[in-house]
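Working notes, beginning with the structure itself.
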Amino acid sequence: MSRQLLALALAPLLGLFILGIGNGFLATVITLRLDAAGESAAVIGWVSAAYFIGLAFGAMLNDRMLLRIGHIRSYGSFASLVAVTVILQGLVESPWAWFFLRLIGGWATVGVYLVIESWLLASGDARVRGRLLALYMISLYAAGVLGQLLLGVTEAMGGASSFMVIGMLASLSVLPMAMIPQFTPMIEKAEPLSPLRLVMLTPTGVMGSFGSGLIVAGVYALLPLYLQRAGFSVDRVGQMMAVVILGAMVLQYPVGRWSDRHDRQLVLILISVFCTLISAAVLWLPLNSWGLAGLLFLLGGGVFSFYPVALGHAADRAPAGALVRMSQGLLLINAIGSALSPPLISPVLGKLGDAGLFWSFGALGIGLVLFFAWRRSVRPAPMPVAPFHAGTPMTASGAELVITEDLVKGATEHEYKEDLTDLVPDVEVAEPLVGPPLPDETCVAHYPESDDSEEPVQHALPGIEPVEAYLAVSEALEPG
């Protein structure tokens, strides 16, 4: 990656890393604190669900604020709100107050991701999006692993120390965005496909996205509860959660590359079987801490691979003109699954005990196996059209990061080899599914357009340089 591109992407990635360290172990802290206070699994599930509900709402609504006030001020507003909600959780111990604060915190957190992802989109064209997405996911996962490892340190301080540290990190994440010279990016409107059209276009992609949300949210929200009740200390719980995220980071890409060479529906079936077997092994095998850590490493690699492989399968079936909107819609389906997961799984823990978590994972895995096998018998999957990209962005606007130039080219070629007109039967919508976006769906500038030009105008603001000037200076500083 060129120095110029790295310079443009440095500030948002650094901000993401700092914020992600605290956000990486906040969910674990909340679960452990509620359990220590004697709250039931159902209450813990609802408080955990509040965060994912906030994520879903923020993914659909936060772009309006970004369009009004710009990237840097939006980032400062959202990050400050994250810091305030976290610090208040350290001062107020009511679970229902935490439900409200987690709801606001989820809404603000996805706003931070929206700023970062749209900034990365503006930093490079489709040819470099794969590399930008790789840097994004490395920053996100590395911060998550480091955050979980800090859990024992902050909890040993006692009191509200963990919440104070997370709040300070959220505040510090503003500094790279505010101090490093920047330009004013633009953002595209997020117009995801409706759930009905997604189901008609790619039932397997929809179920894979929804199932991924159910399982991954269960891991984040309820696995720390299982580990603490199994007798692990707080620092060991953090280490085990770090192992899960490390497994996701290490194994996701090999699984995805394997899916490039095989039927992705078959890969989804095998991932589901794998997660079911891992859950059964945790339930029935006599395990020491090292054995459990190994199984959790494999579980992380499996469950975090569901969404990107399902997205890849959906892209194999989608027309080129629908790729971005399809990706946005599947991301929202995934958020809905995440929001429903803790309230659905926590009652199982209440009836079956702590082992109910892995009974739930096993049942979800069997259900996904049956669904994917049925869909494969009805409509065999096409051959993959472009290389796999690990991970997923957090917002509907940033979903465009995964739509690389290779993917668009492959989808365009696929359209000529197979008649795709029957993929989506007539649905009561005005806009076309295939083809270029409508004129009012292209790019919206943060500032008004001039009267004598159709191009968006980037007005100079204090501390913000126009992108052309910034690129010119960067090129002039290049050696030779």
Side-chain angles (χ1 to χ4, degrees), residues 9-27 29-30 47 50-94 97-120 122 136 139-140 143-144 146-147 150 154 159-185 187 393-398 446 461-464:
L10 177 62
L13 291 175
L14 189 55
L16 172 69
F17 181 76
I18 296 172
L19 181 90
I21 293 174
N23 201 50
F25 70 99
L26 176 57
V29 169
I30 291 172
V47 173
Y51 173 76
F52 297 105
I53 295 171
L55 284 181
F57 279 112
M60 295 183 288
L61 302 175
N62 283 349
D63 58 336
R64 301 174 186 179
M65 180 175 176
L66 183 55
L67 288 170
R68 285 198 304 269
I69 68 175
H71 280 67
I72 295 178
R73 286 188 291 175
S74 292
Y75 189 95
S77 301
F78 288 128
S80 298
L81 193 54
V82 170
V84 169
T85 57
V86 172
I87 292 172
L88 282 175
Q89 285 179 262
L91 301 176
V92 181
E93 297 184 357
S94 167
W98 282 19
F99 177 91
F100 176 76
L101 292 171
R102 285 296 277 165
L103 184 70
I104 301 300
W107 174 80
T109 300
V110 80
V112 170
Y113 291 133
L114 174 64
V115 174
I116 292 169
E117 291 168 5
S118 59
W119 199 297
L120 293 177
Y136 179 97
S139 300
L140 197 62
L146 181 58
L150 286 177
T154 59
S161 299
S162 294
F163 296 104
M164 300 301 109
V165 171
I166 296 169
M168 286 189 294
L169 289 169
S171 298
L172 285 173
S173 73
V174 178
L175 294 181
M177 298 290 286
M179 296 179 66
I180 298 177
Q182 302 295 351
F183 63 92
T184 305
I187 182 174
M394 295 288 185
T395 70
S397 294
H446 292 306
L461 294 178
I464 304 178

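Computed from a predicted structure; not experimentally measured.
Between Tyr113 and Asn62, every side-chain heavy-atom pair lies at or beyond the 4.5 Å cut-off. Under the 4.5 Å side-chain criterion, counting only non-hydrogen atoms from C-beta, Leu13 is not in contact with Trp119. Proximity of Val29 to Gln89: side-chain heavy atoms (C-beta onward) are nowhere separated by under 4.5 Å.
A search for side-chain hydrogen bond (donor to acceptor under 3.5 Å, both in side chains) contacts involving Ser162 returns Thr154, Glu155, not counting sequence neighbours. In this structure Ala160 satisfies the side chain to side chain contact (heavy atoms under 4.5 Å, CB included) test together with Met164, sequence neighbours excluded. Partners of Ile166 according to the side chain to side chain contact (heavy atoms under 4.5 Å, CB included) rule, which considers only residues two or more places apart in sequence or in another chain, are Phe25, Leu26, Val86. Judged as a side chain to side chain contact (heavy atoms under 4.5 Å, CB included), and not counting sequence neighbours, the contacts of Ile116 are Pro12, Leu16, Tyr75, Val112, Leu120, Tyr136. Applying the side chain to side chain contact (heavy atoms under 4.5 Å, CB included) criterion to Ser161, with sequence neighbours excluded, gives Met157.
When all heavy atoms of Gly22 and Leu169 are compared, the pair lying nearest together is N-CD1, 3.6 Å. Contact between Ala83 and Ser171 at its shortest, heavy atoms only, is CB-OG, 3.5 Å. Scanning both residues, Val110 and Thr395, for their nearest heavy atoms gives O-CG2, 3.4 Å. Annotation for Ile72 and Met177: closest pair CD1-O, 3.8 Å, computed over non-hydrogen atoms. When every heavy atom of Gly105 is checked against every heavy atom of Thr85, the shortest pair comes out as CA-OG1, 3.9 Å.
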Less than 3.5 Å apart, which donor and acceptor atoms pair up between the side chains of residues 50-57 and the rest of the protein, not counting sequence neighbours?
{"from": "Tyr51", "atom 1": "OH", "to": "Asn23", "atom 2": "ND2", "distance (Å)": "3.4"}

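Within a 6.0 Å sphere centred on CZ of Phe100, heavy atoms belonging to other residues, nucleotides or ligands number 12 at most.
Rounding to the nearest 0.5 Å gives a distance of 10.5 Å between CG of Leu14 and CG of Leu172. Atoms OG1 and CG, from Thr109 and Leu114 in turn, are 12.5 Å apart once rounded to the nearest 0.5 Å. Residue Ile18 holds its CD1 atom at 11.5 Å from CG of Leu146, rounded to the nearest 0.5 Å.
For Ser173 (side chain) and Ala170 (main-chain N/O), a donor-acceptor pair under 3.5 Å exists by modelled atom type.
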